[in-house]
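Working notes, structure below.
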Amino acid sequence: MSSALTDLLPCPIVQAPMAGGVSRPQLAAAVSEAGGLGFLAAGYKTADGMYQEIKQVRSLTSLPFGVNVFMPQPEYADPAVVDVYGHQLAGESGWYDTELGDPDSGRDDGYDAKLAILLDDPVPVVSFHFGCPTREVIAALRKAGTLTLVTATTVEEARTVAWSGADGVIAQGIEAGGHQGTHRDSLDNDGTGLGLLALVTQVRENVEIPVIAAGGLMRGAQIAAVLAAGADAAQLGTAFLPTPESGAHLMHKQALTNPLFTRTEITRAFTGRPARGLVNRFLREHGRYAPAAYPQVHHLTGPLRKAAAKAADPQGMALWAGQGHRLAREMPAGDLVEVLWAEAADAVDTLAVGRAS
């Protein structure tokens, strides 16, 4: 790994940025204080909301942290299919006694305004999801003193990230909870994602920049495995979701290990983009009808998800979770970083002893 990134990671554990209020300043700061790299999620926030959270993290720690930004989305979704899906959701609207959201509430997530703030008052690391920024943006952030990471779900996307000049690539396997960070969404790509170990190995052999592995990682032994496969660090999201510093809804935290939720599935039901979540009633009833229309579907279902959360009804919430959700442990985020790294070291020692005997 490049010395610049090594300096930021005494422990090669990155806390995944989880949008929707999960990645609070308290979580990012706790992870960074423990030697990992904590992240804020700027997605779905205003530019000022993002900046206020940056200032909160700075008040909690002097150590490096990152901010994740969603890339603007192209206008290729057919409004007619969004309207059809809206009719499909009419029963949900009645059930939760709330109107559907406006699907045309914006598709750039305030990208330019957020980028302006990050250039004016730089943070140590900025990562990007749902696409790769231009070489000019990467260069501007580097000039400001910021390291950049970009999510990739295929070798081709990883090559694009390397070409852009980014300091590292986040190789996201199909096991990951939440949204897949594909650079261009297409129904043709549904179900074609690679598992993490296969993806990391191929990305490592095709790009020379540092690789951060993400997807389904819940134990230190798994971290050791991806490091052995060629990753320079591991990014975990679901593992940090049940920590007290996480802003996840209590029902979401409890659902991770609730026997009622037996599996995860990649769905477009809540946002119109592929995202892995616990299978609940909403996903089962609407997943097959959801179009490839992000962020229109995200805006459309927003009031429904908020109403479900207010009613403490996990059957109507977007319960994002990776395939390893059953391995979730409830403990402070800083303790979790220490436990994970100790487990990784133990795994390496066990392997070494086994080979020597």
Side-chain angles (χ1 to χ4, degrees), residues 1 12-18 68 127-132 149-162 168-241 256 261-269 271 273-279 283 287 292 319-328 340 343-344 347-348 351:
M1 183 184 285
I13 294 175
V14 179
Q15 166 247 312
M18 295 169 280
N68 176 257
S127 67
F128 295 89
H129 210 58
F130 297 151
C132 187
L149 304 171
V150 182
T151 301
T153 61
T154 66
V155 172
E156 291 73 21
E157 289 177 354
R159 289 181 181 140
T160 298
V161 173
V169 57
I170 300 167
Q172 185 192 37
I174 200 72
E175 304 94 334
H179 285 97
Q180 290 287 301
T182 49
H183 291 192
R184 189 182 189 284
D185 185 28
S186 170
L187 288 169
D188 294 336
N189 295 328
D190 284 4
T192 63
L194 287 173
L196 182 58
L197 283 176
L199 179 63
V200 166
T201 305
Q202 292 180 58
V203 169
R204 177 72 288 157
E205 294 183 3
N206 280 272
V207 303
E208 296 182 358
I209 59 176
V211 177
I212 297 174
L217 304 176
M218 301 292 289
R219 292 288 189 266
Q222 294 172 299
I223 294 173
V226 295
L227 295 179
D232 298 284
Q235 178 172 284
L236 294 80
T238 305
F240 287 102
L241 206 153
L256 295 175
F261 301 98
T262 59
R263 63 187 178 89
T264 63
E265 188 175 297
I266 292 180
T267 183
R268 297 176 182 274
T271 68
R273 237 185 186 273
R276 183 175 294 281
L278 297 173
V279 175
L283 191 157
L319 303 173
W320 303 137
Q323 286 185 337
H325 65 94
R326 285 286 183 197
L327 299 172
L340 287 166
E343 290 175 345
V348 173
L351 181 61

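As the structure is a computational prediction, the values presented were derived from the model and not from experiment.
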Residues that Q323 engages under side-chain contact (heavy atoms from CB on, under 4.5 Å), provided they are two or more places apart: E175, T264, R276

Listed partners of T201 passing side-chain contact (heavy atoms from CB on, under 4.5 Å), at least two apart: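 Scan of T201 (side-chain contact (heavy atoms from CB on, under 4.5 Å), adjacent residues dropped) gives E205, A229.
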
Considering all heavy atoms, the nearest [X]-[Y] contact:
X    : Y    : result
A158 : V207 : O-CG1, 3.7 Å
A231 : A213 : CB-CB, 3.8 Å
L199 : A171 : CD2-C, 3.8 Å

Can you find a heavy atom in the side chain of [X] that is under 4.5 Å from one in the side chain of [Y]?
X    : Y    : answer
F261 : L319 : yes
H129 : I170 : no
L278 : H325 : yes
T192 : T154 : no
V203 : V169 : yes
T267 : P274 : no
I209 : V161 : yes
S127 : V150 : no

Which pairs would a plain distance check flag for residues 220-227, meaning a side-chain donor or acceptor within less than 3.5 Å of a matching protein atom at least two apart in sequence or in another chain?
unit_1	atom_1	unit_2	atom_2	d
Q222	OE1	M218	N	2.7
Q222	OE1	R219	N	2.8
Q222	NE2	G216	O	3.4

Would a distance-only check, ignoring hydrogens and angles, find a side-chain to backbone donor-acceptor pair under 3.5 Å from [X] to [Y]?
X    : Y    : answer
Q172 : G181 : yes
T238 : G322 : yes
H183 : T151 : yes
D232 : V211 : yes

Rounded distance [0.5 Å steps], [atom1] in [X] versus [atom2] in [Y]:
X    : Y    : atom1 : atom2 : value
L197 : Q202 : CG    : CD    : 11.0 Å
E157 : T182 : CD    : OG1   : 6.5 Å
I266 : Q180 : CD1   : CD    : 4.5 Å
Q235 : I212 : CD    : CD1   : 6.5 Å

Stepwise side chain to side chain contact (heavy atoms under 4.5 Å, CB included) check, L196 with L217: CA-CA 9 Å; L196 182 58; L217 304 176; 3.8 Å; yes

Contacts of F240 that satisfy ring-ring contact (aromatic ring centres under 6.0 Å, His included) - sequence neighbours left out: none

Partners passing ring-ring contact (aromatic ring centres under 6.0 Å, His included) against H179 (at least two apart in sequence or in another chain):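 If we apply the ring-ring contact (aromatic ring centres under 6.0 Å, His included) test to H179, skipping adjacent residues, the hits are F130, Y294, W320.
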
Salt bridge (charged side-chain N to carboxylate O under 4.0 Å, His left out) involving E265 - partner list, sequence neighbours excluded: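 Listed in chain order: R263.
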
